[in-house]
Amino acid sequence: MKRLCIVVALLGCAAPSFAPRGAAQNLKVDVDLVLVNATVTERGGGYVIGLKKKDFHVWEDKVEQQVASLSTESVPISVAIVFDISYSMQSFGAYARQAVLTFLRASNPEDEYCLILFSDKPRVQIDLTKDISKVEQLPFIPYEAVTALYDGVYLGMETLKKASYPKRALIVVTDGGETHSRSTFSNLKDSVGEQNVQIFSIGVEGRINDIVQMTGGYAFHGASLDGLFEKIAIELKNEYVIGYHSTNQTKNGKWRKIELKVDPPPGLSKLSIRGKTGYHAAAQ
């Protein structure tokens with residue numbers, strides 16, 4: 001069976017417009033408070049909770065920043081499910097849809113979601129709603145020949161611009177085979193850098209995992225799709241959100257590198273921290 005890739009992107013701000021092939025993405029995020037979703041683990045891989053603001057350190061372009069806020073608050077989210085209906089998905093499409101349903105049923109009942117389908121081009125099949133039964137009632141959809149993966153992700157981002165909640169997730173269900181997008185991988189990577197986005201992938205090695213690493217996400221692997229969805233849900237519930245005001249007030253649109261460090265409290269050995277590696281500054 002083909003391997004399956006599921007990409008989850010936490011969107012902390014408005015998304016870019018749908019981009020034509022090769023077009024540059026000019027939108028820059030005018031940030032005041034820079035937010036970084038971060039995961040802290042101990043040597044055995046277990047999540048570490050209960051840390052304080054004083055335990056975290058942040059550097060931007062090698063200049064240490066003052067941590068202004070720290071949150072582990074669990075709040076409702078808006079979720080865009082971007083589903084591949086190309087021919088290569090036929091062997092496991094029904095199973096993938098069931099796994100998505102399992103994930104939604106276990107989430108906060110206040111969460112909202114939308115469904116984007118894509119093959120040669122993306123379309124909004126179900127607009128933003130809290131009614132999970134709309135996915136259960138979705139009729140059979142014929143699979144088509146090509147895979148416009150990047151275009152599907154852009155349309156999902158565009159749809160989330162009208163979401164109810166500032167915390168947002170984008171889930172792409174695909175075998176990872178991009179064949180037909182007008183947008184390029186470079187477009188996608190640039191747009192992610194212009195937003196507060198965290199991405200996770202499941203099952204597939206490839207270029208999409210370059211973006212996963214950039215955003216502080218993680219590439220999950222395993223045989224059980226339901227189990228991997230559960231791992232993502234657990235990760236999201238154990239994140240810290242670190243906020244700081246950048247000391248660099250220059251609006252030049254350039255990439256700013258972020259580095260994170262965490263001090264282990266008494267009784268714990270060295271800890272690992274994973275967060276996004278940078279963002280594009282605002283432009284004049």
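Residue indices begin at 1 and follow the sequence shown.
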Under the rule for ring-ring contact (aromatic ring centres under 6.0 Å, His included), what residues qualify as partners of Trp59, not counting sequence neighbours?
none
Does the side-chain hydrogen bond (donor to acceptor under 3.5 Å, both in side chains) test come out yes or no for Thr129 and Asp131, once each step is laid out?
CA-CA 6 Å; Thr129 180; Asp131 187 358; 5.3 Å; no
Are Tyr218 and Tyr47 connected, step by step, through hydrophobic side chains (Ile, Leu, Val, Met, Phe, Trp, Tyr) whose heavy atoms are closer than 4.5 Å?
no
Between Glu64 and His57, a side-chain donor and acceptor under 3.5 Å
yes
Are there over 12 heavy-atom neighbours, none belonging to Arg105, within less than 6.0 Å of that residue's CZ?
yes
Is the CD atom of Glu259 crowded by more than 12 outside heavy atoms at less than 6.0 Å?
yes
Under 3.5 Å: donor-acceptor pair, side chain of Thr179, backbone of Thr147
yes
Do other residues, nucleotides or ligands put more than 12 heavy atoms under 6.0 Å from the CD1 atom of Ile49?
no
Value rounded to 0.5 Å, distance of CG in Leu149 from CG in Asp84
7.5 Å
Polar side-chain atom of Asp151 near backbone of Ala148 as donor-acceptor pair, under 3.5 Å
no
For Tyr244 and Val67, work out which heavy atoms get closest and say how close.
CB-CA, 4.4 Å
OG1 (Thr41) and CG (Asn238) are apart, to the nearest 0.5 Å, by 11.0 Å
Please determine whether side chain to side chain contact (heavy atoms under 4.5 Å, CB included) holds for the pair Ile273 and Phe56, giving the CA-CA distance in whole Å, both sets of side-chain angles, and the decisive distance to 0.1 Å.
CA-CA 10 Å; Ile273 184 169; Phe56 291 88; 3.8 Å; yes
According to a hydrophobic-cluster definition based on side-chain heavy atoms being under 4.5 Å apart (Ile, Leu, Val, Met, Phe, Trp, Tyr only), do Trp255 and Phe185 belong together?
yes
Distance in Å, Leu268 CG paired with Asp55 CG, rounded so as to fall on 0.5 Å steps:
10.0 Å
Before you tell me yes or no, could you show the steps for Thr247 and Glu60 under side-chain hydrogen bond (donor to acceptor under 3.5 Å, both in side chains), namely the whole-Å CA-CA distance, both residues' side-chain angles and the distance that decides it to 0.1 Å?
CA-CA 9 Å; Thr247 56; Glu60 182 180 289; 5.8 Å; no
Just verifying a value: how many Å separate Asp32 CG and Ser246 OG, rounded to the nearest 0.5 Å?
10.0 Å
Between CG on residue Asp127 and CD on residue Glu112, distance to nearest 0.5 Å:
9.0 Å
Using modelled atom types only, decide if a donor and an acceptor are shared between the side chain of Asp61 and the backbone of Arg256 within a distance under 3.5 Å.
no
Are Val79 and Ile81 side-chain neighbours, meaning at least one heavy-atom pair lies under 4.5 Å?
yes
So Val124 and Leu155, side chain to side chain contact (heavy atoms under 4.5 Å, CB included) or not? Walk me through it.
CA-CA 8 Å; Val124 179; Leu155 182 57; 4.2 Å; yes
Quick one: closest heavy-atom pair of Leu160 and Leu128, and the distance?
CD2-CD2, 4.4 Å
Can you list every salt bridge (charged side-chain N to carboxylate O under 4.0 Å, His left out) pair that touches residues 265-284, not counting sequence neighbours?
Glu235-Arg274
Contact check, side chains of Ser78 and Asp111, non-hydrogen atoms, under 4.5 Å
no
Pair Ile116-Thr159, side chain to side chain contact (heavy atoms under 4.5 Å, CB included): steps then yes or no
CA-CA 9 Å; Ile116 311 295; Thr159 304; 3.7 Å; yes
CZ/Phe103: more than 12 non-hydrogen atoms of other groups inside 6.0 Å:
yes
Under a single-linkage definition using a 4.5 Å side-chain heavy-atom cutoff for Ile, Leu, Val, Met, Phe, Trp and Tyr, are Leu101 and Ile171 assigned to the same hydrophobic cluster?
yes
For Glu42 versus Val48, what's the shortest heavy-atom pair and its separation?
N-CG2, 3.7 Å
Say whether, by atom type as modelled, one donor and one acceptor occur between the side chain of Thr184 and the main chain of Asn187 under 3.5 angstrom.
yes
Is there a side-chain contact between His245 and Gln66 (heavy atoms, below 4.5 Å)?
no
Quick check: does any side chain N or O of Ser119 sit under 3.5 Å from a backbone N or O of Ala145, one acting as donor and the other as acceptor?
no
When rounded to the nearest 0.5 angstrom, what distance separates CD1 in Ile258 from NZ in Lys62?
15.5 Å
Can you give me the closest heavy-atom contact between Tyr240 and Thr72, atom names plus distance?
CD2-CG2, 3.3 Å
Flag yes if Val146 and Leu188 sit in one hydrophobic cluster, no otherwise; membership is Ile, Leu, Val, Met, Phe, Trp, Tyr, and two members link when side-chain heavy atoms are under 4.5 Å apart.
no
Heavy-atom closest pair (Lys134 atom, Ile126 atom, distance to 0.1 Å) is O-CD1, 3.6 Å
Could you go step by step and tell me if Tyr165 and Glu110 meet the side chain to side chain contact (heavy atoms under 4.5 Å, CB included) rule?
CA-CA 10 Å; Tyr165 305 118; Glu110 293 301 310; 3.8 Å; yes
Minimal non-hydrogen separation, Gly156 against Val82, with atom names:
CA-CG2, 4.2 Å
Within 6.0 angstrom of Glu144 CD, more than 12 heavy atoms from elsewhere
yes
Would you sort out whether Thr250 and Asn248 count as a side-chain hydrogen bond (donor to acceptor under 3.5 Å, both in side chains), showing the intermediate values?
CA-CA 6 Å; Thr250 305; Asn248 185 351; 3.1 Å; yes
